[in-house]
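A short worksheet on the structure shown next.
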2 protein chains.
Amino acid sequence: MADAANKCARQRFLEFLAQKNLRMTGQRRAIIETVFSTEEHFTAEQLLEWSRRRDKSVSRATVYRTLPLLTESGLVREMDFGKEHKFYDPNYAEHPRHNHIICQDCGKIVEFESEKIEHVENEISRRLGYAVKSHRLQITATCEEFRQRGKCSKKRP
Amino acid sequence: MADAANKCARQRFLEFLAQKNLRMTGQRRAIIETVFSTEEHFTAEQLLEWSRRRDKSVSRATVYRTLPLLTESGLVREMDFGKEHKFYDPNYAEHPRHNHIICQDCGKIVEFESEKIEHVENEISRRLGYAVKSHRLQITATCEEFRQRGKCSKKRP
DNA sequence: ATCAATGCAAATAATTTGCAAAAAG
DNA sequence: CTTTTTGCAAATTATTTGCATTGAT
């Protein structure tokens, strides 16, 4: 099922490139394949490393030049989790409105959608004179394991 | 009313320093006064400039060393609005749970609180096995003026 | 052919840090 | 007196950019 969706995301990105008269290159192909075959959030550096496994010629500069295209297309979103570097989330192609719950201890992230929240957001915004275009909701929380054991096994240092 | 609240925020920060056996210095005093006498969001650079108006001896290093104390105290929160630098929001002392609506065009920011949203967040989190500790909600929207005139007068380039 | 895209290495920009001197408690 | 804090300047880190060359269309 991820495959069908990924094919779709890739397809959409190709259309985005075509629309802007941008060219398909081997490096871009490697980067795009990498991005849309994971559901994990990644950093620029990780994307470089993973893309290089597909095509050794991918350079850091090209990764940094491709990332803005990906975010501009709306298929990938830049995330700030308060870490030293930015993360990128490739799941906006499939779930354009999803939110995040992050475990305070281990950093494990769960994604969810909520029409109820969106409804309240729309209502409040309208009352304040705004029309919602997009939203970004991050919940910091403790996961079950943390509350039971005092620490998470998934924690990485 | 901002005064009473600000006095309170300052007070709370002093207690935070005392608790950690940290010292009050002229430079810290200038920075703290600056932070808690505005409701505006600011960058590190702006904080430096404003603090220097109160005490010329404040250095960039001290600002950068004080900022983590402010965020650690919970009275100020680091914000990512997708700009090149981080912003800091001094209004968490008075409104610990507030959210942001940002105009897509002019960047004007309105703050609001919503128990209804928090309630839904708690419910969903519980269902997923998480207990909410804090949340961060940013709505990007168009303001009334933008929709009527096609651009905002508050826009700064 | 034409112009976009690339890798490289140098440049930028925000933030952090080492250190000797100054100031707080 | 002891220990924290400071300013300075140098260091670090992520990201961006100029340029000559390569590659897509």
Side-chain angles (χ1 to χ4, degrees), chain A residues 10 13-35 41-73 76-89, chain B residues 13-35 41-73 76-88:
Chain A
R10 266 170 228 145
F13 190 67
L14 297 195
E15 283 161 20
F16 172 84
L17 288 181
Q19 219 170 28
K20 306 199 92 186
N21 285 315
L22 298 177
R23 296 170 183 178
M24 178 50 58
T25 63
Q27 292 87 345
R28 278 187 183 157
R29 205 184 323 276
I31 293 170
I32 294 162
E33 281 301 312
T34 303
V35 167
H41 299 172
F42 52 81
T43 63
E45 200 58 29
Q46 285 176 307
L47 179 54
L48 172 65
E49 193 189 320
W50 296 343
S51 301
R52 273 185 167 158
R53 291 190 194 147
R54 292 177 191 261
D55 180 341
K56 267 199 313 154
S57 78
V58 175
S59 73
R60 183 169 283 105
T62 297
V63 166
Y64 275 108
R65 283 191 271 234
T66 304
L67 244 5
L69 295 174
L70 287 160
T71 56
E72 203 191 326
S73 76
V76 170
R77 199 135 137 187
E78 201 178 292
M79 298 270 107
D80 173 39
F81 293 117
K83 302 288 177 188
E84 58 289 357
H85 22 46
K86 291 170 184 165
F87 282 80
Y88 294 87
D89 181 339
Chain B
F13 190 67
L14 297 195
E15 283 160 22
F16 172 84
L17 288 181
Q19 220 170 26
K20 307 201 90 187
N21 285 316
L22 298 178
R23 295 170 184 178
M24 179 50 59
T25 64
Q27 291 87 343
R28 279 186 182 157
R29 204 184 323 277
I31 293 170
I32 293 162
E33 281 299 313
T34 303
V35 166
H41 300 172
F42 51 82
T43 63
E45 200 58 30
Q46 285 175 307
L47 180 54
L48 172 64
E49 193 189 319
W50 297 342
S51 300
R52 273 185 167 157
R53 291 192 193 144
R54 293 177 190 261
D55 180 341
K56 268 198 313 154
S57 78
V58 175
S59 75
R60 183 169 284 106
T62 297
V63 166
Y64 275 108
R65 282 190 273 234
T66 304
L67 243 6
L69 295 175
L70 287 160
T71 56
E72 203 192 327
S73 76
V76 169
R77 199 136 137 188
E78 202 177 291
M79 298 270 107
D80 172 39
F81 293 118
K83 303 287 178 192
E84 58 289 356
H85 22 46
K86 291 170 183 163
F87 281 81
Y88 295 88

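Naming: A, B, ... by sequence-line order, numbering from 1 per chain.
Minimum atom distance to the side chain of A:Arg65 is reached by D:dT17, of the listed D:dT15, D:dT5, D:dT17. Side-chain proximity of B:Thr62 to C:dT6, C:dT16, D:dT6: nearest is D:dT6. Candidate nucleotides D:dT5, C:dA4, C:dT15 were compared by shortest atom distance to the side chain of B:Ala44, and C:dT15 ranks first.
Checking the phosphate oxygens (OP1, OP2) of D:dT15, a side-chain nitrogen or oxygen of A:Tyr64 falls inside 4.0 Å. Remark: A:Thr25 is in phosphate contact with C:dT6, judged by side-chain N or O atoms under 4.0 Å from OP1 or OP2.
With rounding to whole Å, A:Lys56 atom NZ is found 18 Å from C:dT6 atom P. Rounded to an integer number of Å, the gap from A:Leu47 CG to D:dA14 P is 15 Å. Between the CG atom of A:Leu22 and the P atom of C:dT2 there is a distance of 21 Å, given to the nearest Å. Atom pair A:Arg60:CZ and C:dA5:P shows a separation of 21 Å (rounding to whole Å applied). When the P atom of D:dT16 is taken as reference, atom CG of A:Leu67 falls 9 Å away, rounded to whole Å. What separates CD of A:Glu45 from P of D:dA14 is a distance of 7 Å, to the nearest Å. In this structure, CD1 of A:Ile32 is placed 13 Å from C1' of C:dA5, rounded to the nearest angstrom. Rounded to an integer number of Å, the gap from CZ of B:Phe87 to C1' of C:dA14 is 13 Å.
With values rounded to the nearest 0.5 angstrom, B:Arg28 atom CZ is found 7.0 Å from B:Phe13 atom CZ. For the atom pair CZ (A:Arg77) and OG1 (A:Thr71), the distance works out to 10.5 Å, reported to the nearest 0.5 Å. Taking CG from A:Leu67 and OH from A:Tyr88, the interatomic distance works out to 4.0 Å, rounded to the nearest 0.5 Å.
In this structure, B:Phe81 and B:His41 have parallel ring planes: the angle between them is below the 30° cut-off, well short of the 60° mark.
A salt bridge does not link A:Glu33 with A:Arg29: every distance from a Lys NZ or Arg NE/NH1/NH2 to an Asp or Glu carboxylate oxygen is 4.0 Å or more.
At a cut-off of 3.5 angstrom, counting only N and O atoms as typed in the model, there is no donor on one side facing an acceptor on the other between the side-chain of B:Arg28 and the base of D:dT5. Contact of A:Arg23 with C:dC3 (side chain to base): a donor-acceptor pair of N or O atoms is detected under 3.5 Å.
For the pair B:Gly26 and B:Lys86, nearest-nucleotide mapping onto DNA chain C gives the more 5' position to B:Lys86.
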